[in-house]
Amino acid sequence: MTVDLFDSVAEAQPSREEIADGAVLLRGFVKPIESELIEAVRAIVAQSPFRRMTTPGGYQMSVAMTNCGERGWITDHTGYRYDPIDPRTGAPWPAMPPVFCDLARRAAEQGGFTGFAPDACLVNRYEPGTRLSLHQDKDELDFSAPIVSVSLGLPATFLFGGMARADKPRRFRLVHGDVVVWGGPSRLAYHGVAPLADGEHALLGRKRINLTFRRTR
Ligand code: SIN
Ligand code: FE2
């Protein structure tokens with residue numbers, strides 16, 4: 001087998017790369033269902049639109065967010081929390097589409113976490129220049145379930161650090177279709193996204209959409 005042929009095979013097959021103890025990067029994992037996912041995001045946003053939330057410290061986040069599932073992650077001047085009601089619409093968040101639940105469970109399984117049943121999905125929209133500073137996902141009541149994070153649209157540089165904010169994060173380029181799963185010893189790892197480079201994605205234009213699946217309790 002030539003190197004070229006090997007490369008094209010490797011590209012066509014989803015791959016599984018361990019990036020830390022309890023963390024895997026699944027390249028191209030959701031590529032086969034990209035249209036269903038994008039359609040589902042459109043339906044969610046039609047019901048609960050993207051909005052830029054305010055941190056407890058009074059800063060407006062550059063990333064715009066919405067949610068689906070039983071509970072949605074929100075932030076305002078009183079703090080961060082999960083809420084079953086979208087404060088913007090006064091109604092429950094849109095239900096989690098079956099295609100979301102299914103991919104989250106399958107991806108978690110690839111990371112060694114069986115039976116993952118997320119009750120929350122945060123939908124992040126990045127435009128060129130927007131970023132998400134290093135943070136831990138720690139507003140959940142139970143850390144036994146992993147985090148499943150799906151990338152769609154423009155490529156991004158994902159920062160994956162250690163258990164302390166000061167630990168120098170490693171950088172991973174995430175492209176459309178990639179999924180990162182972290183749990184167990186990595187569940188509280190610091191992570192973030194570097195400022196998004198400008199570009200044009202064939203399906204999503206000048207943006208990146210990230211889906212973050214969590215079990216909140
Ligand atoms: C997040 O940490 O909520 C999002 C990570 C990402 O956009 O890749
Ligand atoms: Fe996060």
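Source: prediction; values computed, not measured. Remember, it's 1-based here, ligands and their atoms both numbered in the order they're listed.
- Judged by a 6.0 Å distance limit and a 45° cone about the ring axis, Arg170 is not positioned over the six-membered ring of Phe160.
- By heavy-atom distance, the residue among Asn210, Leu211, Leu196, Leu134 lying nearest atom 4 (C) of ligand 1 is Asn210.
- The main-chain N or O of Val150 is found under 3.5 Å from a side-chain atom of Asn210 such that the two form a donor-acceptor pair.
- Residue contact check: Asn124 has heavy atoms under 4.0 Å from atoms 1 (C), 3 (O), 4 (C) of ligand 1.
- A cation-pi arrangement is present between Arg208 and Tyr126, with the terminal nitrogen or guanidinium carbon under 6.0 Å from the aromatic centre and inside a 45° cone about the axis.
- With hydrogens and angles left out, the side-chain atoms of Thr216 and Asp119 include a donor and acceptor closer than 3.5 Å.
- Residue contact check: Tyr126 has heavy atoms under 4.0 Å from atoms 4 (C), 5 (C), 6 (C), 7 (O) of ligand 1.
- For the residue pair His135/Asp137, the side-chain donor-acceptor check at 3.5 Å is satisfied.
- Each of the atoms 1 (C), 3 (O), 4 (C) of ligand 1 lies under 4.0 Å from some heavy atom of Thr212.
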Should Thr54 and Tyr59 be marked as a side chain to side chain contact (heavy atoms under 4.5 Å, CB included) after you check the CA-CA gap, both sets of side-chain angles, and the distance that decides it?
CA-CA 5 Å; Thr54 305; Tyr59 293 98; over 6 Å; no

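- Those atoms of ligand 1 with a heavy atom of Leu132 less than 4.0 angstrom away are 1 (C), 2 (O), 3 (O), 4 (C).
- Distances shorter than 2.8 Å separate the Fe ion (ligand 2) from the protein N/O/S atoms His135 NE2, Asp137 OD1, His191 NE2.
- Between atom 8 (O) of ligand 1 and the options His191, Arg208, Arg214, the minimum heavy-atom separation is to Arg208.
- Under 3.5 Å, the side chains of Asn67 and Trp73 contain no donor-acceptor pair of N or O atoms.
- A side-chain N or O of Arg214 and one of Tyr82 form a donor-acceptor pair less than 3.5 Å apart.
- Salt bridge status for Glu70 with Arg215: absent, with no side-chain N to carboxylate O gap under 4.0 Å.
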